> 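Got a structure here, written out as structure tokens. Questions coming.
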Amino acid sequence: MAQVLEFKLPDLGEGLTEAEIVRWLVEVGDVVAIDQPVVEVETAKAMVEVPCPYGGVVTARFGEEGTELPVGAPLLTVAVGAPEGASGSGEDSGSDPESAGGSGNVLVGYGTGAPAARRRRIRPDRLDRAVTEAPVSGAPVVEAPVVEAPRVEAPVVNVLVAEASVPEGPVPVVSPLVRRLARQHDIDLRRLAGSGPDGLILRADVDRAIRTAEETATATARVAQAPVQAQVPAAAPNGVAVAVDAERIPLRGVRGAVADKLSRSRTEIPDATCWVDADATELMAVRAAMNAATGPSAGPKVSVLALLARICTAALARFPELNSTVDTEAREIVRLSGVHLGFAAQTERGLVVPVVRDAHTRNAESIGAEIARLTELARTGKLSPAQLTGGTFTLNNYGVFGVDGSTPIINHPEAAMLGVGRIMPKPWVHQGELAVRQVVQLSLTFDHRVCDGGTAGGFLRYVADCVEQPAVLLRTV
């Protein structure tokens, strides 16, 4: 006799309360092992593969891809225990004894990390029999009628293609973000010719298809409205113009999380900004010398961001007031002992801030290697929630966008953020003469509750001195 158990969306940690289904990894009728990933969800912080704590046969899935679910909502149901007649030869053989049960681990975030078992399919007649005969017991219980209502009737779905020209077989897409974008805009990936290696469909291909579809729709609308006079904003009774056309974009996922955090920062933190121009010519020369070094002791290339990060950790050691947070309820400033350095990274999912743990214990080479590792995880959407939280100070290099300056918004609940503009040739007075030098603008936004302008100015001036004269930093390395 099988028992039907309900698996709910678990607590993914870091205060996350909801997640969006990106891709189901199993179908109704599949045999799953304990702790096998069954669904890929997207939270406000990262992509997460959610493992199921039960082993058995999937009897129902709750929610289509693209659906947003709160923590605690049902994800799927599993018939635990081999159904009568399910064991036998061939691919219809039942699960092994170890798979009929529950995980002994606490399922928070990423589960136990056990290897995924081979997916097997139970025939429809055996699946129906297992669900119908399954007695319901245990804490996470779902009675048979409840399971039957949302259950997919046929475990194997045959997709019918309207046109013979559409290729069959798997769609050459790797990124779940590309699939999601296509799904949101009703783009049939099978009709796209990928521009990537071996026909791989890239985001640019989907974006191009979306623009084409929008242009076609616009042209069709113009033709349909040709005899009608041009539409103008309608006037409301109070005389205020009302827009007749507007696009509404939901604030959810990464964009929603960023909006909430920025709003909270502006609401709670009385921030102020100071900035200074610095001559980065010597810093660039030192970096070039580091990367030109050869031999057994020569490590990987050192980036400008890694050098600036190392300068920040040295500056925070001198001005620890800026490595703190404010406990508003206790009316206390909490000065933090370690530096967990966040850095802004732009990805397809939006702006994220990975965190380099214990940056104060690392040299420039170590910080650079960790930044490179986290940046790659960010670009592929594989950062865990833990890698995106817990920062104590943030470094924002907006110079990569070709801009000189900005007034950063503090990454709540931190107390400060250093912004770095582009490094570019500018006229500069050097040693009493006008010369062309590599100049960068540095800006510091700080929480005025944790320090006054003198401390913030001292921090920024020390950073600028290290940029202009790297020997200032080397004295303390």
Side-chain angles (χ1 to χ4, degrees), residues 2-10 19-42 47-69 73-83 85-88 90-96 99-100 102-103 107 111 114-132 134 140 142 144 146-161 168-176 178-180 182-183 188-190:
Q3 298 178 356
V4 177
L5 302 181
E6 181 182 76
F7 173 44
K8 300 179 180 180
L9 179 64
E20 180 178 333
I21 297 175
V22 175
R23 181 167 59 103
W24 283 104
L25 305 178
V26 296
E27 298 179 7
V28 172
D30 283 353
V31 176
V32 296
I34 295 174
D35 290 338
Q36 175 180 337
V38 293
V39 65
E40 185 179 64
V41 301
E42 181 180 21
M47 290 281 195
V48 180
E49 285 189 351
V50 180
C52 179
Y54 313 124
V57 181
V58 177
T59 59
R61 300 187 319 194
F62 298 86
E64 300 295 328
E65 294 180 353
T67 302
E68 196 167 65
L69 298 177
L75 269 178
L76 50 77
T77 54
V78 179
V80 177
S87 61
E91 63 180 10
D92 289 332
S93 60
S95 58
D96 24 71
S99 67
S103 171
L107 188 66
R118 179 176 64 88
R119 287 175 56 181
R120 287 173 286 176
R121 186 67 52 81
I122 296 296
R123 290 206 306 261
D125 58 340
R126 294 180 179 172
L127 174 63
D128 293 337
R129 188 174 183 182
V131 174
T132 305
V142 177
V146 179
V147 175
E148 288 293 341
R151 184 170 61 86
V152 179
E153 293 298 328
V156 179
V157 179
N158 294 321
V159 179
L160 300 179
V161 181
E168 298 182 355
V171 181
V173 180
V174 174
S175 172
V178 173
R179 290 183 181 273
R180 177 184 174 192
R183 183 172 58 251
D188 188 352
L189 291 172
R190 295 182 182 277

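Remember, predicted model here, so these are calculated numbers, not experimental data.
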> With side chains defined as the heavy atoms from C-beta onward, is the minimum distance between Leu75 and Trp24 less than 4.5 Å?
yes
> Mind running side chain to side chain contact (heavy atoms under 4.5 Å, CB included) on Val38 and Phe7 for me, showing each step along the way?
CA-CA 10 Å; Val38 293; Phe7 173 44; 4.2 Å; yes
> Give the intermediate values and the outcome of side chain to side chain contact (heavy atoms under 4.5 Å, CB included) for residues Leu76 and Val26.
CA-CA 10 Å; Leu76 50 77; Val26 296; 4.2 Å; yes
> Which heavy-atom pair separates Val80 from Tyr54 by the least distance, and what is that distance?
CG2-CB, 4.0 Å
> Give the C-alpha distance, both sets of side-chain angles, the deciding distance and a yes or no for side chain to side chain contact (heavy atoms under 4.5 Å, CB included) between Ile21 and Val39.
CA-CA 7 Å; Ile21 297 175; Val39 65; 3.9 Å; yes
> Looking at every heavy atom in both Gly55 and Val78, which two are closest together, and how far apart are they?
C-CG1, 4.1 Å
> Is the shortest side-chain heavy-atom distance between Thr67 and Phe62 below 4.5 Å?
no
> Kindly give the heavy-atom pair with the smallest separation between Glu40 and Leu25, and that separation in Å.
N-CG, 4.2 Å
> For a 4.5 angstrom cut-off between non-hydrogen side-chain atoms, does Thr59 reach Val4?
yes
> Show the nearest heavy-atom pair for residues Ala182 and Leu189, with the distance to one decimal.
CB-CD2, 3.6 Å
> Which atom pair, heavy atoms only, marks the closest approach of Val31 to Gln36?
O-OE1, 4.1 Å
> Taking side chain as C-beta onward, heavy atoms only, is Val50 less than 4.5 Å from Pro37?
no
> Compare every heavy atom of Glu65 with every heavy atom of Arg23, then report the nearest pair and how far apart it is.
CA-OE2, 3.4 Å
